[in-house]
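In what follows, a single structure is set out as structure tokens and then discussed.
Note that the numbering runs from 1 along the sequence shown for the chain.
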Amino acid sequence: MKQDDGAARRFLLGTLAGLLGCMLLWGAGFAWFVHDALTSPLRPPVADGIVALTGGQGRIEASLRLLAQGQARQLLISGVAPHATTATVAGALPPDMAARLPAGLWHQVTLGRHATSTIGNADETAQWARDNGLHSLIVVTAGYHIRRAMMEIHRTLPDVALYPYAVRPPALQSPLRGSSVRLMATEYDKWLMASLGLARNMTTRAQN
């Protein structure tokens with residue numbers, strides 16, 4: 001009985017130590033993830049195209065500013081509503097910004113209406129880039145989403161150069177707020193799953 005008690009105790013201590021180690025690793029990675037998400041973006045180099053991934057504030061506006069500044073010649077806004085038009089997208093912009101954009105700029109914009117997830121964004125971006133012969137892209141999305149977005153797009157376009165441009169949405173203006181921490185933790189877990197290839201595998205199984 002004493003041997004059994006000792007083995008059980010060692011097993012329990014080993015399990016607790018393993019759990020503690022995993023928690024410490026997760027916490028260290030999460031701290032890096034938050035710091036990375038809050039880092040201000042550097043001006044990207046000029047590229048063939050820009051892709052903005054919808055799903056949060058500031059992404060479309062940032063991508064249009066880059067396009068107007070000549071950072072690329074084409075823009076894909078991926079994941080818009082099925083019936084969206086450039087007119088409805090323009091109508092949702094802040095009035096002062098909409099008034100400053102060159103009228104002809106919208107001829108350089110493509111609306112992607114099929115993506116409903118980050119993986120869908122990556123597939124939609126890959127098709128658009130191939131159709132237009134693009135070899136470099138600026139990827140515009142939120143800071144907490146940029147790592148996962150870059151990873152998924154790289155998987156679909158391994159030969160295309162990608163340059164991140166992360167915007168800071170309202171959720172990141174107060175990063176210590178409870179809702180912001182929960183959002184960041186969720187996005188961190190999604191990034192971990194994507195890093196292991198689990199997200200795309202789960203999506204593939206769900207579609208079959």
Side-chain angles (χ1 to χ4, degrees), residues 14-42 44-45 47 49-59 62-63 76-79 112 114-130 134-172 175-208:
T15 301
L16 291 174
L19 289 173
L20 179 60
C22 289
M23 291 174 63
L24 290 174
L25 285 174
W26 187 94
F30 181 59
W32 164 82
F33 183 82
V34 172
H35 178 268
D36 184 70
L38 295 175
T39 301
S40 298
L42 298 175
I50 303 167
V51 57
L53 310 187
T54 57
Q57 296 183 31
R59 305 178 189 187
S63 66
L76 169 68
I77 303 176
S78 176
H114 301 294
T116 58
S117 65
T118 303
I119 291 174
N121 291 139
D123 293 338
E124 191 167 64
T125 300
Q127 187 62 54
W128 173 73
R130 294 188 188 107
L134 307 182
H135 301 288
S136 57
L137 290 174
I138 299 169
V139 180
V140 180
T141 188
Y144 57 74
H145 186 227
I146 192 70
R147 290 287 176 179
R148 182 159 58 96
M150 293 283 288
M151 182 186 302
E152 296 294 359
I153 294 174
H154 175 71
R155 285 170 174 164
T156 60
L157 290 169
D159 298 325
V160 171
L162 302 177
Y163 306 110
Y165 191 82
V167 301
R168 182 175 292 193
L172 296 187
L176 298 181
R177 190 169 52 195
S179 58
S180 298
V181 173
R182 287 192 296 272
L183 171 63
M184 297 284 274
T186 298
E187 290 295 329
Y188 175 57
D189 286 339
K190 289 181 179 179
W191 175 76
L192 289 175
M193 290 181 64
S195 299
L196 297 172
L198 299 177
R200 185 168 285 272
N201 290 339
M202 291 172 63
T203 300
T204 300
R205 285 198 297 270
Q207 293 172 345
N208 291 337

To check you understand the geometry: which heavy-atom pair defines the closest contact between [X] and [Y], and what is its length?
| X | Y | value |
| --- | --- | --- |
| D189 | W26 | OD1-NE1, 2.9 Å |
| P44 | Y165 | CD-CD1, 3.6 Å |
| A166 | G143 | CB-CA, 3.6 Å |
| V167 | G58 | CG1-O, 3.9 Å |
| T156 | A122 | OG1-O, 3.3 Å |
| R168 | T39 | NH2-N, 4.4 Å |

Could you go through the side-chain contact (heavy atoms from CB on, under 4.5 Å) check for Y188 and V34 one step at a time?
CA-CA 9 Å; Y188 175 57; V34 172; over 6 Å; no
Interatomic distance, [X] atom [atom1] to [Y] atom [atom2] [nearest 0.5 angstrom]:
| X | Y | atom1 | atom2 | result |
| --- | --- | --- | --- | --- |
| E187 | F33 | CD | CZ | 6.0 Å |
| R155 | I119 | CZ | CD1 | 8.0 Å |
| H145 | K190 | NE2 | NZ | 7.5 Å |
| W128 | I77 | CH2 | CD1 | 10.0 Å |
| T118 | M151 | OG1 | CE | 11.0 Å |
| E124 | Q127 | CD | CD | 9.5 Å |

I50 vs V140 side-chain heavy atoms within contact, under 4.5 Å
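Sidechains of V140 and I50: in contact.
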Sub-3.5 Å donor-acceptor pair from the side chain of S78 to the main-chain atoms of T125, do we have one?
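Looks like no, no N/O pair under 3.5 Å.
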Side chain R59, main chain L53, donor-acceptor under 3.5 Å
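Yes, the answer is positive, given that a donor and an acceptor are paired below the 3.5 Å cut-off.
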Would you please test L162 and H154 for side-chain contact (heavy atoms from CB on, under 4.5 Å) and show each step?
CA-CA 7 Å; L162 302 177; H154 175 71; 3.9 Å; yes
Intermediate values then yes/no, side-chain contact (heavy atoms from CB on, under 4.5 Å), T186 and Y144:
CA-CA 10 Å; T186 298; Y144 57 74; over 6 Å; no
Pair V139-I146, side-chain contact (heavy atoms from CB on, under 4.5 Å): steps then yes or no
CA-CA 8 Å; V139 180; I146 192 70; 4.2 Å; yes
